[in-house]
Amino acid sequence: MDNKNENILLRVWRFYLSGFKNMSNWGRQVWIIILIKLFIMFAILKIFFFPDFLNTNFKTDQERSDYVLEILTKPK
């Protein structure tokens, strides 16, 4: 297969895949810890600490956009 004509994303995917396959057990454990921490940060914390303020306080998209515009353009 000609690597120059191959899709760049496919080449990057194969590069990382071969790196993960050849990784030591210690490296895999570190990546598992990193993925667990990312899941906690983005999934669990978002649910409990960052509620959807605009959807809970405004009914229409127009009301939401007016509120955001007002907050962004309000002088400090």
Novice: Would a hydrophobic clustering, with Ile, Leu, Val, Met, Phe, Trp and Tyr connected at side-chain separations under 4.5 Å, put Y16 with L10?
Specialist: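 Hydrophobic grouping puts Y16 apart from L10.
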Novice: Under 4.5 Å between side-chain heavy atoms, hopping through other hydrophobics if needed: is there a path connecting I8 to W13?
Specialist: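 No: no chain of side-chain contacts under 4.5 Å links I8 to W13.
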Novice: Find out if a path of hydrophobic residues (ILVMFWY) with successive side-chain heavy-atom gaps under 4.5 Å connects V68 to F50.
Specialist: no
Novice: Do L54 and F49 land in one hydrophobic cluster if side-chain heavy atoms of ILVMFWY residues count as linked below 4.5 Å?
Specialist: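 The answer is no; the residues belong to distinct hydrophobic clusters.
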Novice: Just by distance, with hydrogens left out, do Q62 and D66 show a side-chain donor and acceptor under 3.5 Å apart?
Specialist: yes
Novice: Do V12 and W31 belong to the same hydrophobic cluster, where Ile, Leu, Val, Met, Phe, Trp and Tyr are linked whenever their side-chain heavy atoms lie under 4.5 Å apart, directly or via other members?
Specialist: yes
Novice: Using 0.5 Å steps for rounding, measure from the CG atom of L35 to the NZ atom of K37.
Specialist: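 The NZ atom of K37 is 11.5 Å from CG of L35, to the nearest 0.5 Å.
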Novice: Report the distance from atom CD1 of I36 to atom CD1 of I44, rounding to the nearest 0.5 Å.
Specialist: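 Rounded to the nearest 0.5 Å, the CD1-CD1 separation comes out at 11.5 Å.
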Novice: Would you say M23 and F20 make side-chain contact, with heavy atoms under 4.5 Å?
Specialist: yes
Novice: What residue pairs, at least two apart or across chains, pass ring pair (Phe, Tyr, Trp, His ring centres under 6.0 Å) with a residue in residues 52-76?
Specialist: F53-Y67, F58-Y67
Novice: What I'd like to find out is whether the side chain of T60 reaches to under 4.5 Å of the side chain of R64, using heavy atoms alone.
Specialist: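 Sidechains of R64 and T60: no contact.
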Novice: Got a donor-acceptor contact below 3.5 angstrom from the R14 side chain to the L9 backbone?
Specialist: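 Checked: no pair found.
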Novice: What distance separates I47 CD1 from F42 CZ, expressed to the nearest 0.5 Å?
Specialist: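 Rounded to the nearest 0.5 Å, the CD1-CZ separation comes out at 13.5 Å.
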Novice: Roughly how far apart are I32 CD1 and N25 CG, rounded to 0.5 Å?
Specialist: 9.5 Å
Novice: Rounded to the nearest 0.5 Å, what's the gap from OG on S65 to CD on E70? Could you check?
Specialist: 11.5 Å
Novice: Scan residues 44-54 for pairs that pass side-chain hydrogen bond (donor to acceptor under 3.5 Å, both in side chains), counting only residues two or more places apart or in two chains.
Specialist: D52-N55
